[in-house]
2 protein chains.
Amino acid sequence: MSTIIDVARAAGVSTATVSRVINTPQAVREATRTRVLAAMEACHYRYNALARGFATKRTRTIGLIIPTITNPGFAESTRGIQERAAAAGLSVLLGNTNYDPETEEKLIRVFREMQVDGLVITTTNPNNPILKNLVAEGFPFVVLYSTVRRGHMSCVGVDNYRGGYMATQHLIDNGHRRIAMIAGAFRSSDKSRGRWDGYRQCLRENGLVYDKDFLAQTTYSLASGREVIQQLLRLETPPTAVFCSNDYLAIGVMEGARDAGLELPADLSVVGFDDIPLASYVTPGLDTIRLPAYEMGALGFEALLERIEKGGQTPVHRMLGLELIVRGSVAPPRGNA
Amino acid sequence: MSTIIDVARAAGVSTATVSRVINTPQAVREATRTRVLAAMEACHYRYNALARGFATKRTRTIGLIIPTITNPGFAESTRGIQERAAAAGLSVLLGNTNYDPETEEKLIRVFREMQVDGLVITTTNPNNPILKNLVAEGFPFVVLYSTVRRGHMSCVGVDNYRGGYMATQHLIDNGHRRIAMIAGAFRSSDKSRGRWDGYRQCLRENGLVYDKDFLAQTTYSLASGREVIQQLLRLETPPTAVFCSNDYLAIGVMEGARDAGLELPADLSVVGFDDIPLASYVTPGLDTIRLPAYEMGALGFEALLERIEKGGQTPVHRMLGLELIVRGSVAPPRGNA
DNA sequence: GTGAAAGCGCTAACAG
DNA sequence: CTGTTAGCGCTTTCAC
């Protein structure tokens, strides 16, 4: 490949001038500039962003870490980040952890070795010491989905506790008293745990007992929702309603309940979390807690960009609003009303 | 940050030795190695992959271009690529084109400026001259989803024509004669066009007329499927069946048909394409053409890796099998037997 | 406005 | 086994 040196030679200028034509064209006389541009064309010159990154120590690349690309919620936040990043002229390196903390650590390391300018992390555990190190080093990053109130980490997220509470209250308002929860494994998802805390607290405040047989922890997928609900339904007094910590799980649950011969929502009420596009396409439409994923990604990126450009140290804490969406997957329990 | 030079100084060796400890540890005497390792630890040394890339002209990074992260089909192929890439120690840069050819070109340029070692491209148009240039330059890349029989491009894909044919035949076998097709815009998706060709040919070979009112081109999304079917149903003689060029569209169609008061599959039969996980979670289960997306990604990556490592020039052409999956969204038309 | 020259942190011969 | 020594292609003072 031809380099700046070749171009400089072909145009009869110095490499510094070629560099100026690329980076600060207005700092070069018109005539010189067009000559250089022509030379670049003639040489089939291609800019080497790696060399620039090496020289400037800025790569205009950020790393994005998500649990899995397969979940539409993360797809949305990713879209929010990528669109804003593209507009700002930054590239996004994407990595998935599959909810595995070790993979998360590895990705952080690899991205830093690649000299990314910053990181957006959807972490399985915001208390991970690795993140504290990042803060200590002053490395720019923002955490998505979670919100850590204390601490010096920038976060753009939602109040998962509150969302869990809202979902549960919705079921209680419809007359349910035997409410199960199917959650992502707490070990691999603090979001899941926050939602569970909200669920428990809501039960308590409504004078309902928390039955630990009614909590199932599993992986986030359609298939596990479908399986787990079957177990729950086999209990001596099965739940009349279930709150799932994401929509995928909830849709799996709906299907699993049908497999078991139940009619929805009469025999089982279901509430999800996220409001993925699909939630309005299943039958009945899924009641869920809407999480503004795209917006969260976009705002997260903006916060990161600010940190990168301005180099400030003050952490950003944004808590986005959640909203209960009612579509028809919740009804009063059979015995009731 | 500390560099190899600092580490070398701290360990009392040359930078070359430090480099060896990193890249070919077995080429360094045990004692020296542990001394260097200790020095790295003490200096909080972090490897600079950018500098290596600059020096070696290999970044161990590939670029992946897909239309949109939002479609679960692409999410699956992406997963296939990422998992294999991670296993091979390569990182993946992800970019989406939103089915826009200009964005596709821009991404190719940006990735090449970043000196990726190769590219996996899910293109909107395999005949794009840009791709020919890539071939001419000998730059390693592979095209996914499409299969160009002629030409020197490596492809790992499926026979979209055949898939379209299979889907249509399935409907005809069930007694349908008025079969519509809802496709992604041909301008932005050659896959869609291939599937359409198969659809038309199948109609013809079965002695059915191809009614161009029965073809709708739209964007690939749940929402557009939902809208477009409404228009189709308003025709004087509406179709009794519809073949959608992807599952998202098909699921949208099912919902749109329900909005219009139809009963499925009795009033309208639907066939999709891809077999996304969700296809078995809607009611009725979606009949579709299964496309092995994960496998395609994995094989595509392997083909690319081979090209990168061995530097061969012989193009790979892999055509993966398609399979009709029957779940219940197709039934004989009402008037019929 | 433009040029000269010194690196950025690593690797890769080539010696020894 | 280990050290020496050039670069890789670009940016960036500092002169002119």
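Proteins get letters first, then strands, A, B, ... in listed order; numbering begins at 1 in each.
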Ring-face cation contact, B:F139 with B:R112, 6.0 Å cut, 45° max: yes
Atom-to-atom span, [atom1] of [X] to [atom2] of [N] - whole angstrom:
X: A:R52; N: D:dT11; atom1: CZ; atom2: C1'; result: 11 Å
X: A:N48; N: D:dT11; atom1: CG; atom2: C1'; result: 13 Å
X: A:R58; N: D:dT11; atom1: CZ; atom2: P; result: 13 Å
X: A:F54; N: C:dC10; atom1: CZ; atom2: P; result: 8 Å
X: A:R9; N: C:dG3; atom1: CZ; atom2: P; result: 14 Å
X: B:L50; N: D:dG9; atom1: CG; atom2: P; result: 14 Å
X: B:Q26; N: D:dT2; atom1: CD; atom2: P; result: 12 Å
X: B:R46; N: C:dC10; atom1: CZ; atom2: C1'; result: 16 Å

Electrostatic pair B:E302:B:R84 at N-O distance under 4.0 angstrom: yes
Between A:E30 and A:R35, is there a salt bridge with N-O shorter than 4.0 Å? no
Less than 3.5 Å apart, any donor N or O on the side chain of B:S146 or B:D190 sitting next to an acceptor on the other? yes
What is the distance from atom [atom1] of [X] to atom [atom2] of [Y], rounded to the nearest 0.5 Å?
X: B:R79; Y: A:T68; atom1: CZ; atom2: OG1; value: 7.0 Å
X: B:I308; Y: B:F141; atom1: CD1; atom2: CZ; value: 12.5 Å
X: A:S77; Y: A:M296; atom1: OG; atom2: CE; value: 5.0 Å

Looking at the base of C:dG3, is there any donor atom on it, or on the side chain of A:R20, that sits under 3.5 Å from an acceptor on the other one? yes
Side-chain N or O of [X] closer than 4.0 Å to phosphate OP1/OP2 of [N]:
X: B:S19; N: C:dC10; value: no
X: B:T3; N: C:dG9; value: no
X: B:N23; N: C:dT11; value: yes
X: B:K57; N: C:dT11; value: no

Closest nucleotide among [options] to the [X] side chain:
X: A:Y45; options: D:dC10, C:dG3, C:dG9; answer: D:dC10
X: B:T32; options: C:dA4, C:dA5, D:dT2; answer: D:dT2
X: A:R29; options: C:dT2, D:dT11, D:dT5; answer: C:dT2

Bending between helix ends of the helix from C:dG1-D:dC16 to C:dG16-D:dC1 [5 pairs per end, 10° resolution]: 30°
Let me spell it out: for each of B:A16 and B:T56, pick the nucleotide of DNA chain D with the closest heavy atom. Which residue's pick is nearer the 5' end? B:A16
Would you kindly compare B:R35 and B:A55 by the position of their nearest DNA chain D nucleotide and give the one closer to the 5′ end? B:R35
Mind checking if B:V18 touches a base, just sugar-phosphate, or nothing, with heavy atoms under 4.0 Å? nothing
Using the rule side chain to side chain donor-acceptor pair (under 3.5 Å), only one of B:N125, B:T97, B:T123 pairs with B:E104; which is it? B:T123
Considering heavy-atom distances to DNA chain C, does B:A51 or A:T17 have its closest nucleotide positioned more toward the 5' end? A:T17
